[in-house]
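Below you'll find the structure, written out as structure tokens, and then a few comments.
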Amino acid sequence: MRYKSLIINNPEDLMFGIAPYPVKTRRGLEIGGGQVYAELNFTLPVMSINKNTLDRVYEHYREIAEGALERAVHLNSKGVVLEFETLLEMTKTPSIGVEIVKIMNEICENYYQKFGLASEIRLTPNDLREFERPAKQRTSGYLEPMMELFEKGMIAGGDLLSIESTGGKEVSDDALMNCDIKTIVFALAVLGVRDMRFLWKKIVSAANNHGKIAAGDSACGFGNTAMVLAEKKYIPKVFAALVRVISVVRSIVAIEEGAVGPDKDCAYEGPFLKAITGIPISMEGKTSACAHLSPIGNIASACCDLWSNESVQNIKLLSGMAPTAYMEQLEYDARLMNEALRAGKLHRNVLQQLLVASDVFTDPQALILSPKNVIRISKELVKGDSYVANARNGALVAIDIIEEALASGKMKLSEMETNYLPILRDDLESIPDNESDFVEMMLPLIDPGKFILAEYGL
Amino acid sequence: MRYKSLIINNPEDLMFGIAPYPVKTRRGLEIGGGQVYAELNFTLPVMSINKNTLDRVYEHYREIAEGALERAVHLNSKGVVLEFETLLEMTKTPSIGVEIVKIMNEICENYYQKFGLASEIRLTPNDLREFERPAKQRTSGYLEPMMELFEKGMIAGGDLLSIESTGGKEVSDDALMNCDIKTIVFALAVLGVRDMRFLWKKIVSAANNHGKIAAGDSACGFGNTAMVLAEKKYIPKVFAALVRVISVVRSIVAIEEGAVGPDKDCAYEGPFLKAITGIPISMEGKTSACAHLSPIGNIASACCDLWSNESVQNIKLLSGMAPTAYMEQLEYDARLMNEALRAGKLHRNVLQQLLVASDVFTDPQALILSPKNVIRISKELVKGDSYVANARNGALVAIDIIEEALASGKMKLSEMETNYLPILRDDLESIPDNESDFVEMMLPLIDPGKFILAEYGL
Amino acid sequence: MEELLEKLLEAVEFGKVDQKSPYPPQLKGQDGSHEITISAIETGISPQRILEEALIPAMARVGKKFSENKIFVPQMLMSARAMGASMLQLKPFFTSGDIKTKGTFIIGTVKGDLHDIGKNLVAMMVEGGGWSIVDLGVDVGSDRFIEALRNNPGAIVGISALLTTTMVNMGEIVSSIKEEVPDTKILIGGAPVNDDFCQKIGADFYAPDPQGAVEYLNKMAS
Amino acid sequence: MEELLEKLLEAVEFGKVDQKSPYPPQLKGQDGSHEITISAIETGISPQRILEEALIPAMARVGKKFSENKIFVPQMLMSARAMGASMLQLKPFFTSGDIKTKGTFIIGTVKGDLHDIGKNLVAMMVEGGGWSIVDLGVDVGSDRFIEALRNNPGAIVGISALLTTTMVNMGEIVSSIKEEVPDTKILIGGAPVNDDFCQKIGADFYAPDPQGAVEYLNKMAS
Ligand code: B12
Ligand code: B12
């Protein structure tokens with residue numbers, strides 16, 4: 001791992017709206033430069049995407065962008081990011097995705113010219129490679145349309161490039177359900193890391209060619225999936241908390257390859273990435289309850305630079321279209337943080353403290369997101385010589401933190417949960433420092449039909 | 001007007017979660033007693049209510065209550081109010097409304113017994129009388145099913161009684177569209193006041209008979225309608241702000257007749273009522289963007305005791321049913337305020353200050369809701385001898401406040417808006433102190449076919 | 001002659017009803033649409049021209065300003081009132097058949113629903129667009145729509161609904177109308193309604209706002 | 001004899017696969033379902049009884065504990081694995097026709113959709129309920145469902161979808177199946193799906209969770 005120390009060492013400096021390395025965009029956003037902006041995410045309502053419905057599809061995105069920006073102007077927004085996360089058909093046939101970017105970019109430009117509202121599009125193609133099973137991470141024919149969408153989407157007005165890549169998912173899905181932390185480390189710190197390196201080299205070079213911004217990659221299929229499963233009480237929360245920590249060593253690879261942020265929201269590894277690398281991040285919490293329920297509604301915003309709703313369908317609520325309503329909610333959340341930033345150090349510290357304290361001891365997944373714990377865990381995440389060792393060390397200190405909170409009586413967990421702690425600790429402690437030792441240890445334990453080693457350069 | 005002075009004189013004492021006269025409920029909520037609770041509101045998705053769909057209707061409310069309370073428990077909620085605002089058919093045929101109360105009350109009781117979660121149902125029948133045009137406020141046959149729903153609904157488990165009564169609406173609807181402030185005063189301070197007195201006598205006596213809580217009445221068809229119209233840019237915001245102030249003298253009558261709070265949310269006259277009478281109030285802001293957009297997302301919570309989402313249909317979002325998602329959002333908002341209350345005076349003051357400052361100068365409707373301005377306006381609202389004089393005085397000082405904010409440069413309004421200020425001031429100044437003088441002045445100006453004087457005891 | 005039409009257009013555009021009306025301040029003391037219309041008729045300008053070259057263009061300007069958020073509803077209502085004052089003078093010519101409106105628009109809020117602020121705005125704007133209006137009010141079922149259609153053959157129908165539980169009644173009304181008075185065009189609107197719903201229930205057009213309604217109707221008329 | 005069945009039930013309920021498996025700690029060193037099943041067969045307990053009196057009741061208890069949030073999925077999976085170890089021993093008897101499952105359940109995630117965590121859980125729970133499973137995996141179109149139905153006449157079909165843009169594909173699959181293999185019962189599920197949608201596309205049942213699927217299937221079987 002390239003990073004050996006933290007850019008932010010003091011929990012007090014891990015603050016919403018402020019990143020050591022802000023990202024400036026074409027229309028004047030300064031993400032991490034002292035403001036929190038809303039990042040609106042959206043998707044289609046129930047409908048299929050085909051020749052006959054394409055016009056209606058475009059119309060939906062037009063309506064979403066218009067409604068959202070109109071509302072943002074009305075609320076004197078300081079700026080907005082629209083995240084366009086594509087659906088299968090829009091990546092498979094890149095011209096569809098590109099057309100949608102074009103439509104939304106025109107609206108962004110229009111609101112910029114007419115009202116001075118700064119907005120940018122984050123373009124997030126979905127990772128098509130997982131359509132093949134076992135997936136061919138490097139040789140898949142699906143790579144081509146994905147990269148084409150990135151390329152042409154940039155030209156059409158997509159300024160921030162992201163993806164939620166799926167390298168390692170073939171083995172992590174089962175591992176999540178089995179609460180198998182060693183395989184999670186294997187999936188993220190070995191397979192994920194290797195795939196990220198492969199993929200982000202491409203994305204960063206494409207971005208640089210066009211003068212666009214390689215933003216980041218969130219371990220959605222890992223961290224977010226774990227949280228969703230834990231919220232359903234399917235897997236222990238303590239386990240889900242560790243998955244998040246482990247996903248950091250995977251997601252940081254994008255930055256090592258040249259991504260500069262804002263990191264994507266949905267696996268919540270952002271705070272660690274911000275502490276370690278200084279890039280601005282997007283986070284989501286209470287206002288993404290439209291997309292998934294979570295135990296980290298307030299604390300998630302403690303050090304966000306963009307504040308997102310993860311996703312909402314373009315359906316009618318009583319007030320109007322759902323994306324417009326969520327735009328409003330995000331704006332008010334952002335306003336509160338921005339007012340605190342404006343008012344000065346006392347105010348922003350108090351607000352952050354309240355955001356943190358209101359959630360921190362309610363759930364281990366919240367616990368590890370307090371700025372203090374983020375710094376403490378991040379230090380472990382950069383100490384070792386390999387991604388594997390770092391993942392293991394980070395997760396182990398997360399267990400320490402959970403156990404300390406339990407011992408202090410401040411956090412309470414059922415026995416069903418606490419029973420897992422020693423098991424997880426033992427499992428983690430059995431992981432060697434060295435990647436190849438670890439691979440050797442794991443290969444016999446994993447169904448070889450599930451994934452292709454060569455596709456990860458192994 | 002019974003109230004001649006304020007219970008809360010100091011803006012600092014107008015604080016979320018704290019009311020001079022808290023309301024204790026059957027299952028242990030202490031509304032205004034140092035905590036903010038979520039008040040969840042909900043409605044049916046697109047469907048009709050008839051014999052064939054009744055089972056499905058009940059199922060919807062069961063699903064809503066279960067989903068919401070389950071989520072509240074999961075989030076360690078301190079307590080919840082479920083507002084059941086009926087739709088036409090449920091009031092016309094009170095047995096339908098009663099059955100729904102019963103279903104939800106059973107679920108409340110179950111969550112109370114099993115998890116200790118305190119929750120109560122606010123029962124809000126819709127005002128059927130407006131089905132007749134001109135409405136017969138006192139002699140309408142529709143009064144009977146309304147009162148039956150109150151009576152039997154209490155027995156079925158409805159603990160907090162509310163209504164959004166419509167006395168005066170026959171003349172205010174047009175007045176809103178015409179920006180006719182004198183007719184608004186007539187509608188609210190003459191007709192509304194008289195109808196409130198008539199109606200709330202009945203409701204309070206019914207509540208007292210059953211040991212239930214007469215909560216309050218919000219001028220939804222006036223204040224909320226004005227805000228919705230102003231958000232659509234149909235009428236000036238400065239006018240909408242005055243409508244809210246004027247609605248206070250109408251809504252206070254419920255309390256004069258014995259209502260004790262929590263006052264209902266949707267016309268936002270709550271802060272004034274809290275200052276004048278000391279009762280706890282429900283408010284709604286950013287998290288009611290599902291029901292209507294608003295310019296007061298944060299400031300609305302500055303002194304709320306219940307925090308509400310106004311209404312959301314029971315439809316599926318990506319995370320689950322919309323009422324469940326909104327329950328989560330309300331809980332996190334409440335948690336933040338509760339953490340501030342727990343942390344002490346500095347923290348709660350800072351949070352309130354941020355909530356206020358983030359909105360206050362963005363819109364005249366926000367401006368008048370800052371605790372300072374609420375107190376200043378409330379003082380005017382109790383100074384005079386008649387409801388009419390008080391309404392006028394309150395509105396006039398609201399204009400002063402708006403003009404001062406403009407003069408200081410802190411608030412900006414378009415000329416389209418400011419042009420209305422002198423006109424509104426002139427109109428208001430022409431209003432006499434005395435009710436009968438005012439009635440005499442207004443009668444020739446209002447279409448007599450629209451309303452029946454005798455139905456207001458005039 | 002042209003000058004009178006221009007003055008009338010201005011009076012309506014800015015909502016000057018008659019000479020003594022104080023509004024708008026900048027036209028204080030001047031003639032309003034009431035007086036100007038009388039003069040115009042006296043001068044021999046044809047009522048059809050008064051309608052088509054002054055009133056309708058004035059209201060079109062008003063509608064445009066409104067949709068660009070340059071004026072509020074109260075100003076639009078003043079214009080509508082000024083137009084009304086003029087129409088009062090033109091009434092005899094309608095009855096005699098000397099002038100024709102673009103057609104008749106029947107509008108009502110659906111059965112079970114009392115929300116009418118939006119519906120009233122639509123009615124007013126459509127009227128300003130040169131249509132005759134039959135406003136059935138609120139809580140209107142299919143019989144009353146059909147009755148009104150029988151009395152106004154060829155009229156276009158508009159239905160408004162604001163509740164998720166009453167918008168479904170639109171479906172029943174649309175089928176009844178289409179069965180009883182085939183070929184009737186039906187326009188629907190109201191906050192919870194959208195295009196998909198419109199298609200689902202077989203109505204002809206959905207408009208999110210009064211301007212949309214006017215545009216659709218004008219397309220129908222031409 | 002009864003004792004062996006009871007021990008097997010316990011081994012499956014608590015996820016003890018075989019003697020050397022470390023899990024669960026409280027059964028360390030004891031026989032697992034693998035060994036107990038072998039003994040049971042040797043003792044002459046009928047395979048049908050093993051299935052019906054040990055395995056299925058064990059999984060029913062597991063399902064109940066799971067739906068009461070008393071255990072997590074990993075524990076349920078351990079039980080499923082313990083049951084699997086037992087089934088391996090029973091396999092010959094299935095082939096010979098000596099024991100019968102309740103029926104066959106064909107399940108797959110709909111065309112265009114790769115989400116399968118939920119689908120896999122459903123498959124596992126249904127298997128635990130005594131059904132044979134044919135798991136078609138993800139991205140499954142109507143042909144593959146129909147082919148599987150042809151190979152497993154009388155099977156019940158389950159379809160999963162997680163995307164608002166793929167759930168509509170369920171409609172097409174349901175009609176194709178109903179046309180090609182009439183009388184097939186179809187069960188649907190997945191986060192964006194609900195009862196109304198189920199009725200709309202003409203599927204037979206919607207369940208929000210695996211337990212609901214098992215209950216429905218058991219009703220079908222009885
Ligand atoms: C004002 C209002 C009222 C007033 C009505 C005054 C009146 N004379 O209309 C009063 C207070 C009486 C009222 C009563 C009720 N209301 Co109400 N009301 C509203 C409110 C706040 C604003 C509606 C409005 O006037 N908007 C402004 C106008 C200009 O907009 P519009 O109606 O959408 O119309 C525009 C377009 O839609 C379009 N349009 C409209 N009609 C048509 C027709 C055609 C043909 C076309 C082309 C276009 C078109 O053009 C218009 C102009 O742009 C809404 C909240 C909201 N967010 O909309 C709730 C709301 C509609 N009401 C609601 C409810 C629940 C009720 C009550 C049942 C409340 C109760 N429990 O007492 C009663 C029901 C009475 C009844 N049976 O109808 C809910 C509906 C929930 C649901 N299930 O659908 C809402 C959404 C409030 C909420 N958030 O909960 N209400
Ligand atoms: C995990 C996940 C993924 C994983 C999938 C891993 C896997 N192997 O399944 C990965 C990361 C790969 C992924 C990819 C994508 N995903 Co995804 N994903 C999720 C997530 C976070 C959780 C889903 C899950 O597993 N839940 C847990 C299981 C146990 O629950 P469940 O699936 O609902 O199943 C239960 C019940 O529904 C029921 N059930 C399920 N099936 C059946 C069948 C029958 C017959 C019955 C009776 C019952 C039943 O029983 C199950 C157990 O209780 C959801 C978020 C969410 N809130 O749901 C998004 C989500 C579904 N994904 C989404 C999106 C957009 C995508 C991508 C397009 C993202 C992208 N741009 O790259 C791709 C699409 C890939 C594709 N073509 O399918 C969106 C969908 C938006 C929309 N338009 O519908 C969601 C909602 C996320 C969001 N909030 O935006 N995703």
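The analysis underlying the following values was restricted to heavy atoms, covering all of them including side chains, and did not include hydrogens, waters or symmetry mates. Order of the sequence lines fixes the chain letters, A, B, ..., with proteins taken first and strands second; residue numbering starts at 1 for each chain.
- Ranked by non-hydrogen atom pairs under 4.5 Å with chain A, the options B/N338, B/V46, B/D333 are led by B/D333.
- In this structure, A/H347 and B/V350 approach most closely via the heavy-atom pair CD2-CG1, 3.7 Å.
- Ranked by non-hydrogen atom pairs under 4.5 Å with chain B, the options A/C290, A/A343, A/P45 are led by A/C290.
- Side-chain N or O atoms of A/Y332 include none that pairs as donor or acceptor with a backbone N or O of B/D359 at under 3.5 Å.
- Both the backbone and the side chain of A/E231 have a heavy atom closer than 4.5 Å to some heavy atom of chain B.
- Interatomic distance, B/M337 CE to A/L354 CG, rounded to the nearest 0.5 Å: 11.5 Å.
- The contact between B/I296 and chain A is made entirely by backbone atoms, counting heavy-atom distances below 4.5 Å.
- With a threshold of 4.5 angstrom between heavy atoms, A/D363 does not approach chain B through any atom at all.
- In this structure the side chain of A/L336 reaches within 4.5 angstrom of the side chain of B/L355, judged on heavy atoms.
- For A/L75, the part lying under 4.5 angstrom from a heavy atom of chain B is the side chain only.
- Panel note: side chain B/S358, backbone A/R335; no donor-acceptor pair is recorded below 3.5 Å.
- Around NZ of A/K316, the count of heavy atoms belonging to other residues, nucleotides or ligands within 6.0 Å exceeds 12.
- With a 4.5 angstrom heavy-atom cutoff, A/R71 touches chain B only via side-chain atoms.
- B/E70 and A/K233 are joined by a salt bridge, as a carboxylate oxygen and a charged side-chain nitrogen come within less than 4.0 angstrom of each other.
- When all heavy atoms of A/A289 and B/A325 are compared, the pair lying nearest together is O-CB, 3.3 Å.
- Proximity of B/E339 to A/Q353: side-chain heavy atoms (C-beta onward) are nowhere separated by under 4.5 Å.
- Expressed to the nearest 0.5 Å, how far NE2 of B/H292 lies from CG of A/L317 amounts to 13.0 Å.
- Separating the CG atom in B/L330 from the NZ atom in A/K286 is a distance of 10.0 Å, to the nearest 0.5 Å.
- Considering every non-hydrogen atom in both A/S319 and B/L293, the closest pair reads CB-N, 4.0 Å.
- A donor-acceptor distance shorter than 3.5 angstrom exists from the side chain of A/E328 to the backbone of B/S294, with no hydrogens or angles considered.
- For the set A/L351, A/V312, A/T362, the entry with the most heavy-atom pairs within less than 4.5 Å of chain B is A/T362.
- Here the straight-line distance linking atom CD of A/Q329 with atom OG1 of B/T287 works out to 5.5 Å at 0.5 Å rounding.
- For B/N298, the parts lying near chain A are the backbone and the side chain together; criterion is any non-hydrogen pair under 4.5 Å.
- A/I315 has its side chain within reach of B/I315: a pair of non-hydrogen atoms, C-beta onward, lies under 4.5 Å apart.
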